[in-house]
Every structure is written in structure tokens, then in C-alpha cells.
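See structure below.
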Amino acid sequence: MKIGVVVSEGPYTHQAADTAYHFVKAALDGGHEVPRVFFYHDGVNVSTRLSVPPQDERHIQNNWTNLAKEHDIDLVVCIAAAQRRGLLDENEANRQGKDANNIADGFRISGLGQLIEMGIQTDRLVTFGD
Amino acid sequence: MSDVKKFLYVNRKAPYGTIYALESLEVVLIGAAFEQDVSLAFLDDGVFQLTKGQNTDGIGIKNFSPTFRALGDFEVTKLYVEKDSLEERGLSPDDLQEIMYEDEDDDWEEKPSIRLVSRAEMADVMADQDVVLSF
Amino acid sequence: MSTLHTVNKSPFATQTLMSCLNHCKDGDAVLMIEDGVYGALANSGMADFVRAKSASLAIYVMSPDTAARGLAEDKLLGEVSGVDYAGFVDLVAKHDRTQSWL
Amino acid sequence: MAYEVNGSTVEHDEEGYITNLADWTKELADVIAETEEIDMNEEHWAVVNFLREYYDEYQIAPAVRVLIKAIKKEMGPEKGNNKYMYELFPYGPAKQACKIAGLPKPTGCV
């Protein structure tokens, strides 16, 4: 079965990104497909490659990056939500005239249309938020 | 058309205190381009999103309540509002904005987009969807 | 046709669990996750309400979340079944749609 | 980056959208149009005015089909179509006309 996932809260403040991660891993282990995870609201903050959590804590962004690589998951960060919160890829940073970008490997910035498309193309959609 | 799905956007949060209401509306507006069967649900504190007379000048946040009145232009015409939620908050339907759409199938007659439903009817609306997005 | 509802809020902080249970249809399932697991406490003020709803609904709780919060099994309602993440996935697959009560 | 209008300057971003929407004036619209290589005539103004009125009322830019419907109503069916819009605004009504009308930059979500 194809399962789409939405993460709509930021890392560390809420458990949402953690629960979503464990859910996606279990879904893949169970033989399901997770073609895409869509990050919205403060969920876009998961994608920053600049977070440096203490060594004895999980690294949420790394976990997602690794999982996406291993299983070819499309991690999409909503452009509108990302721009508000200061998350830019190289392309967007140039377009907006900013001097830095901060999107981690494995994530890509795109539009809300990707969320709707995921809803259309998957059999189930599960949202993790607050 | 088998590739049209029923999408429900569930709004349970009040505007301005958090961004959920605004970013929900942004999804609805973008989603309109995909020509799916779209409904919006307003229950619990979500009913506060639709009240008239919102004026955000003093808090410096954009007042997006007028945008609900444009939804008809985007062919989003089903706004289910839960009566019980209104009553629990001391509101009546008169406290809400008038939101109209032009019905293409009925000689473009103007019709109200807001459909007042009971809690049980709201449960029926929710149970009749393919995709439920919560905000 | 049935729905899996997830609730991630403590019922002592918000009305989310109450609202969710009041919008469920017979045969639906409710899964308490994250802080939502406090809704499964057996001796709380919410217990009678949840127990009554369990007559027409299947109610589940995320065991990793109850364990994390130190909620021993004997503190939880007998009407509520524990699942792990794989069980969560099975519930999603089994029901026609998932509605997250945020 | 800024436009110059009657001796004063109006700030804009990399792509030419004005920074403060309140800075918009008709004179400014002519200046923006010039940098877009558009010579504003009555028909351009009809679109720009419609966009501004719509934004004023609803706080968003209209969907393109809404814009086209409105122009059709005002100027007839031979003008109320996509082709005509692109003749007026070769780089797309959503981008160019909104920029000239002083509306926020579309976030390009789809």
C-alpha cells in the first residue's frame, strides 16, 4: 500500500517528527511504500542542516536524510512555509538575494501542490502534528 | 472521473494565535487548481476563523478573513460549520461572514457556501472522504 | 468503510480527545499517541467517558508512548489495547482513511 | 534596489516586486511596467485595476481563470481569454501584472 505522510511540527519542540519517523520506518519494514513525506507549518524546520543536537540525543534531520537515501523517499519542504521561517535551498537563496542556504541533503523545497498530489496518488495519508 | 478524490480540510483552531488557520487556507487555495472534490470543515475553535468584523490593525498580522469570501472564485463552495461548536462558544450563524458562490449548474445563481451541520452530520461528512487534512 | 482517528493531546490539556470521540462513527478506531496516551488512564476523570465510547469503537494506545511516560499497564483502561509502530501501520492500512486530531 | 519615481525611490526585491505594498502609486506602476518592457495602455490598466480591487477586497490575487472571467465581462469574449492575457503580459499575467499592480509576489506553490 502507498502511504503518504505529513509532518507539521518542528523538531525537538514536538514529538511529531519522531513519531512520523518511527511510523515511516515501520511502514517500510511492513512492506508498504512511502513515496513522499511532506513537511509543512513548523515541520519545515526539520530540514535545516545546521542543527547541532547534543551527542546523547537523536539527530532528527540526519535520521530523515539517511532514511530517505536508503528507501528513496521524496522529502518535500513546503516553499511558502519555508520562506516564512528562513529555510532556503541554494536556488531559492539566489532568487531571494540571501547570502546563505540551509537545506539538508535529501530534502527538497517545492510547492504545496506536492501535498495535494501526494493525497491524490497515495492510498492513505497520515498527518503528524500538534 | 475516477481520479477525483474527496478532500476534506478540517479546521479546529482559532485564527492569529497560531498560524494553522492561515496556512490551511493557503493549502486550500493551491489545492483548488487540482480540481478535486473539496470540502472544508469548521468545528471547535475553528469556527472563530469565520466570524465577521475581524480587524487586525492593532496586532500587525495580516487579516486573512476576507479571503474566505473569495473561495467561491476558486470553486471551493462547501464550507461545513458545526452548529454545536458555534453554540458552545455563544455564537450564532449571524456572527459569521456571509460567504457566497455562483452556481455554474444553476445559471450562476448566488448561493451560500456555509452549510450549518449538527455534530452528527459533521461526523457523516468526515466519514465520507478519501483524504482528510487536519489543521 | 471506517476511519482511524489519532489523538496526540492529553485530554486534561485540550478537548481534542472529547471532540474526536464525539465525531467517531460506530466501527471506527481511535489510536492515542504521544501525550494522547494519558486519555487511557483508568482512574482519571475521563475514564468513564472513554470506557463508554469503547462499546462502539476500538480504542488503542501506543505502547512506546505509555512506556516512555511511565504508565504501567495496570494503570490503563482494560478496554484499551496497546500497539507498537507496526501495529499503528496495520491500523492505517486496515481503515479507509486516517484523521489526525491535532 | 529601488525604482525611481518623481525623484523619490521605492525599494524592490531581486525580481522587481516592491517591498512595501503601501508604496504603490499609478506613477510607480508605469515605472515598473517600463522595466518589464510593457507600454501601459487602457487594456493593461483594466487588468491592473481589477487585480488591485480584487486584492483590496479579498487579500489575495485572483486565480487566473477568475481574472479572465472578469476581463471577459468587462471587455468582451475576444479579450477574455488566456491568449489575450499573454499578449498583454508576455511573461504571464500572474507574475507580470501582479508586479505592476503592486501585489505580493506569488509564492509559486504549484
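The sequence lines fix the lettering, A, B, ..., with proteins before strands; numbering per chain opens at 1. Reckoned from all heavy atoms, side chains included, excluding hydrogens, waters and symmetry mates.
For the pair B/N63 and B/Y16, the minimum side-chain heavy-atom distance is below 4.5 Å.
Proximity to chain B (any heavy atom under 4.5 Å) is shown, for A/R124, by neither the backbone nor the side chain. Both the backbone and the side chain of B/Y20 have a heavy atom closer than 4.5 Å to some heavy atom of chain A. Using a 4.5 Å cut-off between heavy atoms, A/I120 touches chain B through backbone and side chain atoms alike.
Within the model, atoms NE2 of A/H22 and CG of A/L67 stand 11.0 Å from one another, a figure rounded to the nearest 0.5 Å.
Taking the six-membered ring where the residue is Trp, B/F42 and B/F68 present perpendicular rings, their angle passing 60° and hence far from 30°.
Between B/K52 and B/D94 there is no salt bridge, since no side-chain nitrogen of the basic residue lies less than 4.0 Å from a carboxylate oxygen of the acidic one.
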